[in-house]
Protein chains: 2
Amino acid sequence: MEREKQILANYIKEKGLRKTPERFAILEKIAEYKGHFTVDELFAYMHEKNFPVSRSTLYNAVELFLECNLIERHTFDSNVAYYERKFNKEPHNHQICTVCGKITKHRNRDLTRQIKHVGFRGFKVESYQLNLYGICKKCQREAQKNIEK
Amino acid sequence: MEREKQILANYIKEKGLRKTPERFAILEKIAEYKGHFTVDELFAYMHEKNFPVSRSTLYNAVELFLECNLIERHTFDSNVAYYERKFNKEPHNHQICTVCGKITKHRNRDLTRQIKHVGFRGFKVESYQLNLYGICKKCQREAQKNIEK
DNA sequence: ATGTATGCAAACCATTTGCAATGAC
DNA sequence: GTCATTGCAAATGGTTTGCATACAT
């Protein structure tokens with residue numbers, strides 16, 4: 001957390017921006033999320049935690065955090081942007097259950113290594129998103145039960 | 001094309017829907033796209049080709065084609081949905097140049113095979129999207145030129 | 001005849017923009 | 001004091017919805 005704040009502070013100084021309390025409070029609250037969050041969820045969470053900020057400020061902050069690589073954005077299949085902390089995390093994949101909608105994250109180093117070199121026609125891969133769509137174990141079981149009935 | 005129409009016709013019959021001229025005209029025009037298209041582009045294209053249909057009808061059709069697996073949808077990083085024909089195509093990846101925005105498609109069978117088995121905790125992978133973000137060869141060259149100046 | 005599909009207009013909703021007031025420097 | 005940032009309200013734009021009319025069955 002301290003390192004993340006440091007990164008943000010450095011970036012702010014470097015770009016001649018301003019160290020507002022809002023930005024650091026938002027960064028702190030984001031750190032409490034284990035998985036993904038939307039701006040709307042974050043908006044509610046900030047209010048709940050007695051540090052209400054406007055949506056404008058959230059969008060502004062989130063943009064800033066993206067710039068200094070503290071978070072990343074996913075759109076999956078909807079029109080809503082999902083964010084998650086990026087700092088110190090290895091690249092990972094998302095598996096989305098098309099039945100219950102649950103999103104799970106996991107890593108696979110071999111695959112990551114391979115993907116980094118899969119660029120075509122001299123394309124230099126800097127990051128990637130791998131989304132797996134399918135059916136989670138739980139939903140597979142439920143489906144099986146329904147067949148057996 | 002005939003097989004795609006057949007698939008659509010079958011699906012329509014099976015679900016008790018209706019074989020409207022719009023649906024088949026839209027399917028035909030979609031087949032003329034080599035890459036991705038948005039609903040807005042398709043809207044303009046249908047008018048251009050003297051088969052004007054409303055946006056409602058397009059959204060309806062596109063939803064139907066998704067259901068019978070004739071097309072697929074990607075959101076990449078924006079809030080706009082991109083569609084492309086799926087029929088008879090092997091799974092492929094997208095590489096998106098973060099400088100010029102160009103989207104290129106390519107395949108890699110080894111990778112595809114591997115990805116299909118990467119499901120975690122019993123997750124059964126049915127499809128996937130792999131988006132590579134980075135810099136295309138052309139933009140790398142331009143960047144190089146600017147450094148040399 | 002029945003009820004699905006179309007097309008128009010209005011509604012939706014996440015995100016963006018404009019702008020006056022605030023506050024970091 | 002200067003000017004970036006905040007917060008409010010309004011605008012934007014892709015997508016969705018409601019509903020009367022048209023038309024596939």
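Chain A is the first sequence line, chain B the second, and so forth, proteins listed ahead of strands; every chain is numbered from 1. Keep in mind that this is a model prediction, so the values were computed, not measured.
Nearest heavy-atom pair across Gln140(B) and Ile135(B) is NE2-O, 2.8 Å.
In this structure the side chain of His36(B) reaches within 4.5 angstrom of the side chain of Lys105(B), judged on heavy atoms.
Take the nearest nucleotide of DNA chain D for Ser54(A) and for Asn79(A): the residue whose nucleotide is more 5' is Ser54(A).
Figure legend: Lys116(B) and Tyr128(B) shown without cation-pi pairing, the cationic atom not lying both under 6.0 angstrom from the six-membered ring centre and within 45 degrees of its axis. For the pair Lys29(B) and Phe51(B), the NZ or CZ position fails the cation-pi test of under 6.0 Å to the six-membered ring centre and within 45 degrees of the ring normal. In this structure, Arg55(A) forms a cation-pi arrangement with Phe43(A), its terminal cationic atom sitting closer than 6.0 Å to the ring centre and no more than 45° off the ring axis.
The distance between atom CZ of Phe24(B) and atom P of dA24(D), rounded to the nearest whole Å, is 12 Å. Put simply, CZ on Phe51(B) is 13 Å from C1' on dG7(C), counting in whole angstrom units.
Taking the six-membered ring for Trp and thresholds of 30 and 60 degrees, Phe120(A) and His106(B) have nearly parallel ring planes, at less than 30 degrees apart.
If you check the side chains of Gln6(B) and Asn10(B), you find a donor sitting under 3.5 Å from an acceptor. Defined by atom type and a distance below 3.5 Å, a donor-acceptor pair is missing between the side-chain atoms of Gln129(B) and His94(A).
Listed nucleotides dT17(D), dT15(D), dC8(D) differ in distance to Ser56(B); the shortest reach to its side chain belongs to dT17(D).
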Begin from the C-alpha positions of Leu27(A) and Met1(A) and carry the test side chain to side chain contact (heavy atoms under 4.5 Å, CB included) through to its verdict. CA-CA 9 Å; Leu27(A) 186 61; Met1(A) 184 71 258; 3.9 Å; yes
As a quick check of understanding, evaluate side chain to side chain contact (heavy atoms under 4.5 Å, CB included) for Glu41(B) and Tyr33(B), giving each step before the final call. CA-CA 11 Å; Glu41(B) 284 162 7; Tyr33(B) 280 97; 4.0 Å; yes
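Near DNA chain D, meaning a heavy atom under 4.0 Å away, there are no residues from residues 40-48 of chain B. Taking a 4.0 Å limit (strictly below) on heavy-atom distances, residues 8-23 of chain B reaches DNA chain D at Arg18(B), Lys19(B), Pro21(B). The stretch residues 57-67 of chain B touches DNA chain D through Tyr59(B), each having a heavy atom under 4.0 angstrom from the strand.
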